[in-house]
Each structure stands twice: as C-alpha cells, then as structure tokens.
Amino acid sequence: MERTLVLIKPDAVQRGLVGDILSRLERTGLKLVALKMLQMDREMAERHYAIHRGKPFFKGLVQFITSSPLVAAIFEGPMAVEIVRKAMGETDPARAAPGTIRGDLALDIGRNVVHGSDSVETAEQEISLFFGPQDVLNYERQVEPWIIES
Ligand code: IDP
Ligand code: MG
C-alpha cells in the first residue's frame, strides 16, 4: 500500500479550487487519509524543495509556496504516487494534457496549483514534514450505500 503527499498550492486556494482538486483526486479511487490547511514558513519550504536548491527558480518557488495558506493531504492506495502524478499532469501547464488537474486549471509553471510526491521514498520524507503518525486516519471505505441501523 502506497501513500503520497499532495499540496493544493496557494494559487489554487486563492482561486477557490480546493474542492475541485480534492474531488478529482478522490475520483481516482485513492483514499484520503489525512488533510490539513496551513501556511508554510521559509524553513519548511526550503526543506520540502531541498532538491531544487541552487536552481534559478528556487527563491521564487519558496516565496510563492509560503505566500499564503495551502492544503496538505495524504492519499493512499495501490500505486498512489503514480496515480496522483498522472492526475496532476506535467509540471508545465502548457504541456499538461487536457483532463489533468494542471492541464485544466493551472496558469503557468510557477503557479501550477498542485504538488504530488514523485516517488515512494520522497513521499515518505515529504509526508513526515507535514504530518505526524497520529494525523493519518485509518478507516474502511464503504463502497455500498450506507445503511444506518436503528
Ligand atoms: P513537479 O511539481 O511536477 O514535481 P518539479 O520539477 O519537482 O515539478 O518542480 C517543483 C516545482 O517548482 C514545480 O511544480 C514548479 O512550480 C516549480 N518549477 C519547476 N521548474 C520551474 C521552472 O523552470 N520555472 C519556474 N518554476 C519551476
Ligand atoms: Mg517534484
């Protein structure tokens, strides 16, 4: 069973796209097991994006991701990392296919509405930056309509 970290970035929160993006991810069949809203500080952003340190866009990326609140989520299920990456589409929205989150909703590469971990190992590290073990909830998802017994 895999878990992956999703960030609904500040541009998406500002534009009122949180529900749309969560809905698209839920419809992949993956299971939402953790969810929170927060504003990242610079230290956290530099850790999350450490792999990009030294690149020309790093400073702007950290500025953008810390500029305003975002939504962090964990999705769980077989092949969760790959499924979320496919649903997101390519990094540059101009190249992202129609029907993907970025293809449909994102404006440019610097404001591409969503983050998803790129491997199982990265996902574990990224998740631990945002969530503690107690934040990840365990439940059986009922696929049949709920029947409440009285
Ligand atoms: P990803 O988000 O699709 O995994 P990465 O290459 O990991 O893409 O880059 C992280 C984030 O940095 C991207 O989502 C994007 O917002 C930003 N970024 C990547 N490349 C560029 C660039 O060339 N110019 C501006 N921003 C970039
Ligand atoms: Mg990445």
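First listed ligand is number 1; within each ligand, the first listed atom is number 1.
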Inset, instruction - Mind checking whether H48 contacts ligand 1 via backbone (N, CA, C, O), side chain (CB onward), both or neither, at a 4.0 Å heavy-atom cut-off? - result: neither
Inset, instruction - Could you tell me whether some N/O pair between H115 and ligand 1 is separated by less than 3.5 angstrom? - result: no
Legend entry - Protein residue, atom and distance nearest to atom 3 (O) of ligand 1, heavy-atom basis: T91 OG1, 2.5 Å
Inset, instruction - Please check if the side chain of R15 supplies one atom and the backbone of V113 the other of a donor-acceptor pair under 3.5 Å. - result: no
Inset, instruction - Look only at the side chain of N112 and the backbone of T91, and say whether a donor-acceptor pair between them is shorter than 3.5 Å. - result: yes
Legend entry - Quiz item: cation-pi between K55 and Y49, 6.0 Å / 45°: no
Legend entry - atom 22 (C) of ligand 1 - nearest protein heavy atom and its distance: F57 CD2, 3.5 Å
Legend entry - Heavy-atom nearest neighbour in the protein, as seen from atom 14 (O) of ligand 1, with distance rounded to 0.1 Å: N112 ND2, 2.8 Å
Inset, instruction - Just need the protein heavy atom nearest to atom 15 (C) of ligand 1, so name the residue and atom and give the distance. - result: I109 O, 3.2 Å
Legend entry - R111 (side chain) donor-acceptor with F64 (main chain) under 3.5 angstrom: no
Inset, instruction - Quick one: sort the H52 and F57 rings into parallel, tilted or perpendicular, breaks at 30° and 60°. - result: tilted
Inset, instruction - Spell out, yes or no, whether F130 and V33 are grouped together once hydrophobic residues are joined by side-chain heavy atoms under 4.5 Å, including indirect joins. - result: yes
Inset, instruction - Give the residue, atom name and distance (to 0.1 Å) of the protein heavy atom nearest atom 2 (O) of ligand 1. - result: R102 NH2, 3.0 Å
Legend entry - 4.0 Å heavy-atom contact, K9 with ligand 1: yes
Inset, instruction - Using modelled atom types only, decide if a donor and an acceptor are shared between the side chain of S117 and the backbone of L5 within a distance under 3.5 Å. - result: yes
Legend entry - R85 heavy atom under 4.0 Å from ligand 1: yes
Inset, instruction - Please check if the side chain of R42 supplies one atom and the backbone of V62 the other of a donor-acceptor pair under 3.5 Å. - result: no
Inset, instruction - May I ask whether L61 places a heavy atom under 4.0 Å from ligand 1? - result: yes
Legend entry - Top protein contact for atom 5 (P) of ligand 1, by heavy-atom distance: H52 NE2, 3.5 Å
